[in-house]
Amino acid sequence: MLRVIAAGLAAITISSYPRSPAAAPSNAASVERPLMPADLVPSSVFKLGMSIDELEALLARDFKGWERSDTTRSLNNRKDPKLPAYAKAPYLQRIHITQFDQQQGLRRTYSLTLNSPLSGSHLYSVVYNVEALQPFDNLGSLSAVAQYLSVTWGSAHRASHKGEFALLSYLFDRQGELVRDGGASCVPLYPALVRLDEKTPDEVEKVIAMIDATNCGGNKSVHFRLQADGDTIVETTFFNTILSVNPRDVLKRVRYGQP
């Protein structure tokens, strides 16, 4: 069971998934105002499970002024020389969009990760980064954000604060509620997910069986970079991921093109 490390953080207690702020269209005029804790949470318009067509329509409508770059990955990413060329064909794995807000002195970046076309290319992970552009700018205080998450969600399964870095992490079940066993049932799953698409089909099947044996649904975590005072935030990275979706897609991918 993970211990909650309370140094430098407020005690945290939460309910279900947060009500995230809607994304401001890029052609709207920026408003100079203090940054609120809710501004550091990914927009709720990015719904995990949405299709690539839905995502592309959303980006074209609300994020047309953001800079975009794409990352591809091989359908079958295993280092197997026997795989045919078609099995190594690239697919759109991740969309990155970035906005520079000069009025508020911010850079905002979303990294939106999709499963492969073998599973319909659905969104399963959203990473949202907000960074102050100048050293004297900031995104508010760690204590205020911790209190906001406390009211929104509940007790973090993991919290740490060391010098200029801090972390808050939350595990959710498949019903969208916080895992109540302190994370003991879910934490062992995450090391098994590392470089999963380089493993054999048998290894991937074992990971899926581990997931199916639990009620673990996903995680949300936020990483903070702070000024020297240990409380003023200069950068946050927020992760929101479904646990069970990608491994089942990976199983299709590591089998793809096998004799």
Side-chain angles (χ1 to χ4, degrees), residues 1-14 17-18 20-21 23-24 30 32-43 46 66-67 69 71 94 96-113 125-172 178-179 182-183 186-187 190-191 193-195 218-241:
M1 181 181 297
L2 290 175
R3 292 185 307 165
V4 175
I5 308 169
L9 298 176
I12 301 173
T13 36
I14 312 178
Y17 284 176
S20 302
S30 297
E32 291 190 67
R33 61 172 175 80
L35 205 66
M36 305 301 292
D39 295 321
L40 305 179
V41 175
S43 171
F46 294 112
W66 293 49
E67 298 178 6
S69 64
T71 300
R94 188 171 291 121
H96 310 270
I97 57 171
T98 301
Q99 180 198 57
F100 291 89
D101 186 334
Q102 299 296 340
Q103 284 189 292
Q104 288 197 310
L106 303 176
R107 182 187 68 184
R108 298 180 176 90
T109 301
Y110 281 96
S111 294
L112 309 164
T113 305
S125 176
V126 175
V127 179
Y128 180 47
N129 177 269
V130 184
E131 182 178 11
L133 295 176
Q134 300 294 334
F136 51 82
D137 291 330
N138 68 81
L139 310 180
S141 71
L142 175 62
S143 54
V145 174
Q147 180 60 35
Y148 170 78
L149 297 181
S150 172
V151 171
T152 308
W153 288 338
S155 293
H157 291 95
R158 180 184 176 193
S160 64
H161 184 191
K162 185 176 181 181
E164 297 177 11
F165 298 94
L167 165 70
L168 293 169
S169 184
Y170 310 84
L171 301 169
F172 294 85
L178 278 179
V179 172
C186 300
V187 171
Y190 287 90
L193 299 174
V194 176
R195 304 177 74 164
N219 76 296
K220 300 176 189 287
S221 62
V222 56
H223 297 240
F224 302 87
R225 184 165 60 88
L226 310 168
Q227 290 184 1
D229 62 7
D231 187 57
T232 304
I233 304 169
V234 295
E235 183 177 7
T236 61
T237 304
F238 195 110
F239 299 82
N240 183 15
T241 304

Visitor: In Å and rounded to the nearest 0.5 Å, what is the NZ to OH distance from Lys220 to Tyr170?
Guide: 11.0 Å

Visitor: Within this structure, what is the CG-CZ distance for the pair Asn129 and Phe239, rounded to the nearest 0.5 Å?
Guide: 8.5 Å

Visitor: Considering all heavy atoms of both residues, which atom of Leu142 and which atom of Gly230 are nearest to each other, and what is their separation?
Guide: CD2-O, 4.0 Å

Visitor: Can you tell me how far the OH atom of Tyr128 sits from the CD1 atom of Ile97, to the nearest 0.5 Å?
Guide: 9.5 Å

Visitor: Would you say the side chains of Thr241 and Ser125 form a donor-acceptor pair under 3.5 Å?
Guide: yes

Visitor: For the pair Val130 and Asp39, evaluate side-chain contact (heavy atoms from CB on, under 4.5 Å) and give the outcome as yes or no after the intermediate values.
Guide: CA-CA 9 Å; Val130 184; Asp39 295 321; over 6 Å; no

Visitor: For Ala166 versus Leu226, what's the shortest heavy-atom pair and its separation?
Guide: CB-CD1, 4.3 Å

Visitor: Hey, which of Gln102, Glu235, Glu131 is the one that makes side chain to side chain donor-acceptor pair (under 3.5 Å) with Arg107?
Guide: Glu131

Visitor: Which heavy atom of Ser169 sits nearest a heavy atom of Ser221, and at what distance?
Guide: OG-CB, 3.7 Å

Visitor: If you define the side chain from C-beta out and look only at heavy atoms, does anything of Leu106 sit under 4.5 Å from Leu139?
Guide: yes

Visitor: To the nearest 0.5 Å, tell me how far Leu167 CG sits from His161 NE2.
Guide: 11.5 Å

Visitor: Donor-acceptor pair, Asp231 side chain versus Ser143 backbone, under 3.5 Å?
Guide: yes

Visitor: When rounded to the nearest 0.5 angstrom, what is the spacing between CG in Asn219 and CG in Asn240?
Guide: 7.5 Å

Visitor: Using a 4.5 Å cut-off on heavy atoms from C-beta on, say whether the side chain of Met36 contacts that of Tyr148.
Guide: no

Visitor: What are the two closest non-hydrogen atoms of Val126 and Pro42, and how far apart are they?
Guide: CG1-CB, 4.1 Å

Visitor: Answer yes or no: is there a side-chain heavy-atom contact under 4.5 Å between Val145 and Val222?
Guide: no

Visitor: Quick check for you: to the nearest 0.5 Å, what is the distance between Arg225 atom CZ and Thr237 atom OG1?
Guide: 9.0 Å

Visitor: Say whether His96 and Ser111, considering side chains only, have a donor N or O and an acceptor N or O under 3.5 Å apart.
Guide: yes

Visitor: Go through the steps to decide whether Leu40 and Phe238 satisfy the test side-chain contact (heavy atoms from CB on, under 4.5 Å), and finish with yes or no.
Guide: CA-CA 8 Å; Leu40 305 179; Phe238 195 110; over 6 Å; no

Visitor: Go through Leu171 and Arg158 one step at a time and tell me if the side-chain contact (heavy atoms from CB on, under 4.5 Å) criterion holds.
Guide: CA-CA 9 Å; Leu171 301 169; Arg158 180 184 176 193; over 6 Å; no

Visitor: Aromatic rings Tyr110 and Phe46: how do their planes relate, parallel, tilted or perpendicular, breaks at 30° and 60°?
Guide: tilted

